[in-house]
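Along the sequence shown, residues carry numbers from 1. Ligands are counted one by one from 1 in listed order, and the atoms in each one are counted from 1 as well.
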Amino acid sequence: MEKIITRFPPSPTGYLHVGGARTALFNWLYARHTKGKFVLRIEDTDVQRSTKESVDAIFEALEWLGIEWDDGPYFQSDRFSIYEEYIQKLLDSGHAYYCSCSPERLEEMRKQAMAAGGKPKYDGTCREKKLSKGENTVVRFKAPLAGTTVIEDIIKGNIVFQNSELDDFIIARGDGTPTYNFVVVVDDITMGINTVIRGDDHVNNTPKQILLYKALGSALPAFGHVPMVLGSDRTRLSKRHGAMSVTAYRDMGYLSDALINYLVRLGWSYGDQEFFTRDELIEKFTLENIGKSAGVFDQEKLLALNADHIKTTPPKKLIPHLLPFLKENGIENQDDDYLEGIINTLNIRSKTLKEMADAAMFYFRDTILYDEKAAKKFLKPAVLEPLELLIGQIESLDVFDEKGLEDAFKEVMERTGLKLGKIAQPVRVALTGGTVSPGIFEIIEVLGKERSLARLKSAAQFIRDKK
Ligand code: GLU
């Protein structure tokens, strides 16, 4: 079978948002699934709106998502000589012509058409004039006047356009610069693209592009137009719905694996499976399972999926992802084993990495600051005796492990007649400063003997000082 070659061609006029990222993902996954090739092309012919910052932001977002391209990045702004060559080809073969109609005349024509309730369409004045290039002449494509153009869409089925609805659109402006639909086709042809998956906001461009392929004698790629992503009110997704740039999700503490999983599911399905690892997506992604209806972006679902990915990623692998958030909290240069242990206690209760970093702070403090209410309620004189007993028990442990700790607590319970619940909460406050945390046995194990003892002793001293 022919090798599948897909592409992602963002226009660098802003950040990479979640909708664009989903399109990139579909193309990338399909290329990976088929062991094909994925091309990155920056569509920066709109010089006014394209910026270097956007280009960099797109690269940064793709890299974070782990969407690696095999070819490119190509920049359309570097390819004007290729476009010129193809414009000439169409002129030479009689598929395009120079047009000298003035903007004023065209505007007049447009107004008349609108007034008559019709679609503005070039009237073909210069179509058969065989004009040569002149000052401000544009190049128009000579579109067929009758018949139909059909998109055999992989996702939507056949979409039929009447050629009479299409007009002789401009492929090169008066200053010689090529127009959008034309450069897309030239690029897709010269880059060998045979599969085009893109948002269905492009459906109306496709018949024009198909005509250009045919005029250039090139085979058509397979087209698939993916329904747009909608916001919760079922209007097109925008910032208003909380949809942000891809990197904003990174900064909020999302794992790229979770965002990828969520975005792919928003428009693609595999039975009713919700959770996918990256490798599973590559293995299972096919175009047949892209849905016909629009996906609705749901922040809560994304958050829940992020929690699932945090839970199932081996703690050791989470370390590099957590580090930036710890750094933001002023925590650096920690031992990997310590971090792994910490993550192990927090991964089942953190929805984001940021939440995890915040919850982890007690592990790094030299002095525990007690939450006022918690201290009042749990660090009371009556706790002093069991606390001191516990300190003694732990100090005398030869082997500091789960079993040893359990025995230590049991001994305290037996000697004081207190239930574990009565001891656990004061110990929790002593170790963490608050009343919400992972289990105290887990914490003690992670903190280790020395740190745990220091904290328990501080709490005992705190109680004594208060007396
Ligand atoms: N540059 C276009 C966009 O960002 C994509 C064009 C295409 O996929 O053909 O929407």
Side-chain angles (χ1 to χ4, degrees), residues 4-31 37-59 61-62 65 67 69 71-79 82-83 86 149 151-156 159 161 169 171 177-213 216 218-229 236-238 243 245-246 263 267 287 290 294:
I4 296 293
I5 307 180
T6 65
R7 54 23 160 219
F8 178 55
S11 305
T13 54
Y15 296 109
L16 182 64
H17 52 84
V18 288
R22 190 190 59 160
T23 307
L25 271 168
F26 282 177
N27 283 287
W28 175 75
L29 283 172
Y30 190 51
K37 195 165 95 173
F38 174 68
V39 181
L40 178 63
R41 172 170 87 228
I42 303 295
E43 304 211 316
D44 59 349
T45 42
D46 185 343
V47 212
Q48 239 98 66
R49 294 176 60 221
S50 302
T51 64
K52 166 94 171 58
E53 290 76 60
S54 298
V55 173
D56 291 342
I58 290 167
F59 289 160
L62 290 175
L65 287 171
I67 300 182
W69 49 95
D71 196 6
Y74 292 101
F75 288 81
Q76 287 185 328
S77 54
D78 291 339
R79 297 169 53 83
I82 303 173
Y83 305 138
Y86 275 78
T149 297
I151 312 177
E152 293 176 13
D153 196 287
I154 308 170
I155 298 157
K156 294 181 185 288
I159 310 174
F161 293 82
F169 55 91
I171 56 174
T177 56
T179 56
Y180 173 73
N181 281 306
F182 178 72
V183 294
V184 168
V185 170
V186 174
D187 284 343
D188 285 342
I189 291 173
T190 49
M191 292 169 193
I193 307 300
N194 53 22
T195 310
V196 171
I197 310 297
R198 61 185 167 205
D200 64 4
D201 50 336
H202 284 284
V203 162
N204 286 326
N205 289 325
T206 309
K208 294 181 188 174
Q209 297 184 5
I210 289 178
L211 291 175
L212 288 168
Y213 274 96
L216 288 164
S218 297
L220 291 178
F223 288 106
H225 291 91
V226 185
M228 294 276 94
V229 180
R236 193 172 162 171
L237 188 66
S238 70
S245 70
V246 161
L263 291 179
L287 301 183
I290 294 180

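Checked by distance only, ligand 1 and P9 come closer than 3.5 Å through their nitrogen or oxygen atoms. Residue Q209 has no nitrogen or oxygen atom sitting less than 3.5 Å from a nitrogen or oxygen atom of ligand 1, judged on distance alone.
Of all protein heavy atoms, the one lying nearest to atom 6 (C) of ligand 1 is Y180 OH, 2.7 Å. Annotation: atom 10 (O) of ligand 1 to nearest protein heavy atom, H202 NE2, 2.9 Å. When only non-hydrogen protein atoms are considered, atom 1 (N) of ligand 1 lies nearest to E43 OE1, 2.6 Å.
T206 and R198 share a donor-acceptor pair across their side chains, judged by distance under 3.5 Å alone.
Numbered from 1 in the order shown, with element, the atoms of ligand 1 that lie under 4.0 Å from a heavy atom of R198 read 7 (C), 8 (O), 9 (O). For ligand 1, the atoms sitting less than 4.0 Å from at least one non-hydrogen atom of R7 are 7 (C), 8 (O), 9 (O), numbered in the order shown with element in parentheses. Atoms of ligand 1 found under 4.0 Å from any heavy atom of S11, numbered from 1 in the order shown, are 1 (N), 2 (C), 3 (C), 4 (O).
Rounding to the nearest 0.5 Å places CZ of R79 at 3.5 Å from CE of M191. The distance from the OH atom of Y83 to the CZ atom of F182 is 9.0 Å, given to the nearest 0.5 Å. The CZ atom of F161 sits 10.5 Å away from the CG atom of L211 when rounded to the nearest 0.5 Å.
In this structure, D201 pairs ionically with R236, as a charged nitrogen and a carboxylate oxygen lie closer than 4.0 Å.
A perpendicular orientation is assigned to the rings of Y213 and F223, their planes being inclined by more than 60° (bins at 30° and 60°).
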